[in-house]
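Contents: one structure, followed by commentary.
This is a predicted model, so every value here is computed, not measured. Here is how names work: the chains are called A, B, and so on, in the same order as the sequence lines, proteins then strands, and each is numbered from 1.
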2 protein chains.
Amino acid sequence: MTDLKRVERRAGVALWRQIADRIREAISRGDFDESGMVPPELVLAGQFGVNRHTVRSALAALAQEGIVQAVQGRGTLIVRKERFNFPISRRTRFTEGIGDQARDLQGLLLSSEIEPADPEVARWLALEAGTPVVRLEALRKADGRAVSRSTAWFPAERFKGIGEVFARSGSITEALAALGLGDYLRSVTEISATHAETADIAALELTPGAILLVTRAVNTDLSGVPIQYAVTRFPADRVQFTIAS
Amino acid sequence: MTDLKRVERRAGVALWRQIADRIREAISRGDFDESGMVPPELVLAGQFGVNRHTVRSALAALAQEGIVQAVQGRGTLIVRKERFNFPISRRTRFTEGIGDQARDLQGLLLSSEIEPADPEVARWLALEAGTPVVRLEALRKADGRAVSRSTAWFPAERFKGIGEVFARSGSITEALAALGLGDYLRSVTEISATHAETADIAALELTPGAILLVTRAVNTDLSGVPIQYAVTRFPADRVQFTIAS
DNA sequence: TTAAATTTGTTCGTATGTATC
DNA sequence: TGATACATACGAACAAATTTA
């Protein structure tokens with residue numbers, strides 16, 4: 001607690017930013033490790049010699065960074081993170097990729113519908129816009145934690161019943177195999193990062209403002225014909241990617 | 001402006017969240033396209049029938065998402081984004097990778113020092129901890145926009161003068177070539193995402209709370225000996241990655 | 001060039017609601 | 001049930017940066 005002294009007013013740097021920095025440092029020093037929580041807002045306000053709102057601004061910034069999580073009625077918890085490592089290669093498969101790192105893997109079908117391909121989906125799948133495609137919404141959990149929320153499109157002609165098959169197995173690889181596709185390859189993966197939107201926050205059990213790693217990927221059959229285009233959102237504090245060349 | 005009516009107090013959803021959603025929708029509808037800015041906070045507060053602080057909370061959330069950027073004295077600008085695409089492969093090279101997409105590329109040396117390898121750096125470079133390494137801090141710009149901030153380590157025995165050479169050419173590839181390494185390969189790339197810290201916010205000219213894509217990568221010479229370990233931070237709203245398998 | 005008006009940024013005060021213990 | 005602690009909202013004042021007159 002040695003560092004939680006009064007804050008001097010410095011020109012140019014807002015009080016709440018200075019306080020956020022001090023709390024961040026105190027956390028990384030392990031000052032609050034016994035309790036696993038930050039002291040109550042009013043206590044911090046007293047120690048820093050500022051109003052409680054100023055402390056709240058600082059804690060809100062740290063919550064945005066994912067360092068702490070405020071829980072109404074209890075206090076502000078310090079968040080500890082361990083990331084799953086998700087390998088990306090020509091033979092990327094979700095279940096195999098994370099399998100080693102988790103005891104319990106679940107693939108949950110949220111919905112499955114046939115719809116006409118919009119221009120973007122058509123482009124990725126090398127189809128005419130308007131061609132029927134199956135849209136499959138899925139959520140994956142590892143050891144009970146949601147690790148990805150994906151939206152995948154398949155040509156409907158070839159993979160009409162993939163929703164039902166995936167619902168049973170929870171694995172795209174197995175579902176494709178059941179529909180006669182024994183093997184497939186990853187052709188393109190795009191990776192970007194954004195803030196989570198409302199729907200994903202709910203599905204992935206995130207705090208508002210959480211960061212998502214987003215992949216846009218195409219899988220093809222062995223002759224190079226696109227069979228799947230998927231947009232997958234991974235909580236950035238739970239997942240990282242590895243590309244082994 | 002049709003949607004900017006009074007907000008009803010609904011149980012369960014905070015006012016500022018409802019307002020953030022309404023402003024986000026109005027922006028994506030293009031309601032403010034003529035000016036490129038959101039109306040002043042006091043105007044919004046009046047239209048929504050709430051206090052200015054409530055509007056500020058909503059705008060702060062949108063700023064976190066990177067949708068808007070507030071500028072003191074001017075107003076709150078709507079941010080338009082276009083991302084550079086950075087390909088990652090066995091032959092990843094920064095300059096070649098982004099070269100097509102930008103007219104003007106700059107590689108700036110921030111500092112270059114020789115230091116003993118800490119355990120992590122030593123592990124990635126397959127050296128004994130404490131072995132001298134060159135640490136090179138660099139900033140890269142494309143068309144005047146900062147696109148990456150990297151910290152790279154090289155075995156000092158082999159690449160002692162790389163700082164000076166990089167300072168002249170602005171290219172790691174050229175610097176390595178000048179030191180006798182004609183070709184090299186990317187062996188591992190790890191990708192994660194976090195919030196930017198203070199130092200990177202300044203160097204990359206970001207707004208606080210911006211998201212960074214972070215790569216940890218190892219390059220080796222043609223016989224597989226590690227020659228470079230680099231941690232590179234890319235602003236997520238300016239860069240995305242592509243892995244072509 | 002200067003001054004005023006506009007607009008966002010920060011801080012404090014106060015009150016009330018809601019969840020946890 | 002009451003105490004504690006975070007969540008939301010309103011009000012007021014002033015600072016700082018920018019634009020406009």
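Ile19(A) places its CD1 atom 13 Å from the C1' atom of dC12(C), with the value rounded to the nearest Å. We find that CE of Met37(B) is positioned 12 Å from P of dT18(D), with the value rounded to whole Å. Atom CG of Leu77(A) is separated from atom P of dA19(C) by 17 Å (rounded to the nearest Å). For the pair Arg74(B) CZ and dA16(D) P, the interatomic distance rounds to 20 Å; values are reported in whole Å. Arg17(B) has its CZ atom 14 Å from the C1' atom of dA9(D), to the nearest Å.
Which of dC6(D), dG11(D), dA9(D) sits closest to the side chain of Asn51(B) comes down to dG11(D). Considering only side-chain atoms of Ala14(A), the nucleotide from dA9(D), dT10(C), dT8(C) that sits closest is dT10(C). Here the nucleotide nearest the side chain of Gln72(A), chosen from dT11(C), dC6(D), dC12(C), is dC6(D).
Ring centers of Phe234(A) and Phe241(A): under 6.0 Å apart, within the cut-off.
At a non-hydrogen distance threshold of 4.0 Å, Arg52(B), His53(B), Arg56(B) from residues 52-59 of chain B come into contact with DNA chain C.
A donor and an acceptor atom, one from each side chain of Glu137(A) and Thr151(A), are located under 3.5 Å apart.
Just one of Ile67(B), Leu59(B), Leu62(B) meets the side-chain contact (heavy atoms from CB on, under 4.5 Å) condition when paired with Val38(B); it is Leu59(B).
Using a distance-only test at 3.5 Å, with no hydrogens or angles considered, no donor-acceptor pair links the side chain of Asp143(A) to the main chain of Ala102(A). Of the possible donor and acceptor atoms, one in the side chain of Arg83(B) sits under 3.5 Å from a partner among the backbone N and O of Ala236(B).
You won't find any donor-acceptor pair under 3.5 Å spanning the side chain of Glu41(B) and the base of dG9(C), going by distance alone.
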Taking only distance into account, with no hydrogens and no angle test, what donor-acceptor pairs under 3.5 Å do side-chain atoms of residues 48-56 of chain A form with protein atoms, sequence neighbours excluded?
from	atom 1	to	atom 2	distance (Å)
Asn51(A)	OD1	His53(A)	N	2.8
Arg52(A)	NE	Glu41(A)	OE1	2.7
Arg52(A)	NH2	Glu41(A)	OE1	2.9
Arg56(A)	NH1	Glu41(A)	OE2	3.0

